[in-house]
Amino acid sequence: MSVRVRYAPSPTGLQHIGGVRTALFNYFFAKSQGGDFILRIEDTDRERYSDESLQDLYDTFSWLGIEWDEGPDKGGEYGPYVQSERFDMYREYADKLIAEGKAYKCYCTPERLEALRTEQQKDKKAHQGYDRHCRDLTPEQQAEYEKQGIKPVVRFKIPLDGKTVFHDVLLGDVKRKNSDISPDPVLLKSDGFPTYHLANIIDDHHMNITHIMRAQEWLPSGPLHILLYQAFEWDPPTYCHLPMVMGKDGQKLSKRHGSTSLRDFIAKGYLPEAIINYISLIGWAYDDSREFFDKADLEKLFVLEKLNKAPGVFDYKKLDWFNGQYIRKLSDEELKAKIIPYLQDSGNVDNPPSEAQDAMLNGLIPIVKERLKLLSDIVPMTAFLFSDISGYPAEDLIPKKKDAASTLEILKLGRPLIEKMAELGPDGEAQDEALEAAFKALSEESGFKLGELLSPLRVAVTGSRVSPPLFASIRLLGLKTALERIDEAVKKLE
RNA sequence: GUCUCCUUCGUCUAGUGGUUAGGACACCGGGUUUUCAUCCCGGCAACAGGGGUUCAACUCCCCUAGGAGAUGCCA
């Protein structure tokens, strides 16, 4: 039987690292096995549902370049792939369970359940959860509740004794006493919608899903799901509970740890290649040394056997490092295309870029490429080219161990060389080398170190002690503006 | 509280009875460099603890401790 796996997100929020990791692992497993990857929308929570999250799902995966073989937008022979469109099915199966005595209607109000829960928490009762109040209602009692117009939920009868075991590819056999399983979970809500547990089992069965790969937070639901498969007399799929992704403090990754939604990562300028590569390495490793994998590699190399059991901490710094690596692998043209939107958003470049701006961009790419970690870094890194920089403190102009007077001297010494840069050679590396030679000569002649000579000029031109290479920056800025800035620096010191 | 899962450098990990316990990120130092970054070199740093099993345990078993997750008409 060929492998069929699914990613089944609920459109109640933005796609986040954890969900995407689960999707990726499912996808890579399917592809490595020559199987199919299916997308199913689990929109049974109509209170938290939002169109925006649904759109975000599509946007995120299209950005990642991950495609499913079957899904709402693609079709397929097992559709519909949206649970709200499979509504009737769930009701029928719930009724079937009731008829067979495997489930029952419960008329308890949310208020009663809430009160029950707080009381249990207060008393630290050994067993928490529903007290099975309605499990054995007489027909008369049921009729009474019905008469009151209470809309019941349908609950599953968890066996009172015995135990349930299921096999997990990663974890082995997971055993649990039935008395420890959440007492009689809700299958059908009072609004007629199924809960995750019911819909999930029914759909996975009908969609012929062979492997369930989901985060370990679902592990406690495993026995319940097995019991449900047994109740329907269906064969359960193979389970594999993936280690969870944690924040720095070891808790489940969440917003307070930093960005978690892919939308945030995209906005900051992470590349899909970096995200895919890094995320795939949380809880999975190929061998003892290889760490670069692209999508195609993982489609071939991913194996369940290499999965780790322990949860992994999401390391933003390592992701940054990967991103820098992937930025450097980009061609100048590719990087330029990716950077333009950031410059446009900041208002520094027109849409589309003017001819002059385009030329400037071409010159910019080579000098920023190995300095970028995030694409968005381009904005602060090049701010001096687009806006006034005169706000820097005068002290910044003064090199270490020097004073204002000698700095003034340095600026006056350096200015003529800059002014004549065009005469030293054509724009580009040749000019850089000639200028550098000129400054080295000046250094020997004047006794100032090369760094001491260039630092004040750098600050004068860029407003910062840290910048892209000075000479190239001056060419991009324009010689005229650069000289004006040097003159302003001189005034600042005087 | 109860149940379940987990436990190798700060972090991600390699390791399947005999290794100087390897790699990467981070960090620290050095080199290249007009600053920064890149790049190169070097360093730091781990088998949670205690019992077994065995000639031999990071590797197998048990206990303890710690961590996490679940305990919803959310998924």
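Excluded from the calculations below are hydrogen atoms, water molecules and symmetry mates; all remaining heavy atoms, backbone and side chain alike, are included. Worth saying up front: this structure is predicted, and the values here are computed from it rather than measured. The sequence lines fix the lettering, A, B, ..., with proteins before strands; numbering per chain opens at 1.
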> Can you give one letter per nucleotide of nucleotides 21-31 of chain B, 5' to 3': B if a protein heavy atom sits under 4.0 Å from the base, S if only from the sugar-phosphate, - if neither?
Replying inline: -BSBSS-----
> Reckon A:Ser455 touches a base, only the sugar-phosphate, or nothing at all at heavy-atom distances under 4.0 Å?
Replying inline: nothing
> For atom P, what is the distance between B:rU38 and B:rC25, given to the nearest Å?
Replying inline: 11 Å
> With sequence neighbours left out, what residues match A:Asn178 under side-chain contact (heavy atoms from CB on, under 4.5 Å)?
Replying inline: A:Ile158, A:Pro159, A:Thr164, A:Ile181, A:Leu227
>> Rounding to an integer number of angstrom, what distance separates B:rC40 and B:rU4 when you compare their P atoms?
In response: 50 Å
> To the nearest angstrom, how far is A:Leu188 atom CG from B:rC73 atom P?
Replying inline: 13 Å
> Can you tell me how far P of B:rU11 sits from CG of A:Leu281, to the nearest Å?
Replying inline: 17 Å
>> Ring-plane angle category for A:Tyr316 and A:Phe314, please: parallel below 30°, perpendicular beyond 60°, tilted otherwise.
In response: perpendicular
> Which part of the nucleic acid does A:Lys306 contact within heavy-atom distance under 4.0 Å: base, sugar-phosphate only, or nothing?
Replying inline: sugar-phosphate
> Contact class for A:Pro468 vs. all strands (heavy atom < 4.0 Å): base, sugar-phosphate, or nothing?
Replying inline: base
> Reckon A:Leu470 touches a base, only the sugar-phosphate, or nothing at all at heavy-atom distances under 4.0 Å?
Replying inline: base
Quick test: give all pairs of protein nitrogen or oxygen and nucleotides 67-72 of chain B nitrogen or oxygen below 3.5 Å, distance rounded to 0.1 Å.
unit_1 : atom_1 : unit_2   : atom_2 : d
B:rA68 : OP1    : A:Gln251 : OE1    : 2.3
B:rG69 : OP1    : A:Lys252 : N      : 3.1
B:rA70 : OP1    : A:Lys252 : NZ     : 3.1

> Is A:Gly312 touching bases, backbone alone, or none of the nucleic acid, heavy atoms closer than 4.0 Å?
Replying inline: sugar-phosphate
> Base, sugar-phosphate alone, or nothing: which one does A:Asp320 contact when heavy atoms must sit under 4.0 Å apart?
Replying inline: nothing
> Hey, does A:Cys108 reach any base, or is it just sugar-phosphate, or nothing, if we go heavy atoms under 4.0 Å?
Replying inline: base
> Taking atom C1' of B:rC39 as reference, at what distance in whole Å does atom NZ of A:Lys369 sit?
Replying inline: 15 Å
> B:rC27 and B:rA65: how far apart are their P atoms, nearest whole angstrom?
Replying inline: 37 Å
>> Going by purine N1 to pyrimidine N3 plus the second Watson-Crick contact, or the G-U wobble pair, all under 3.5 Å, which nucleotide sits opposite B:rA65?
In response: B:rU7
>> Taking the P atom in each of B:rC41 and B:rU7, what is the distance between them to the nearest angstrom?
In response: 34 Å
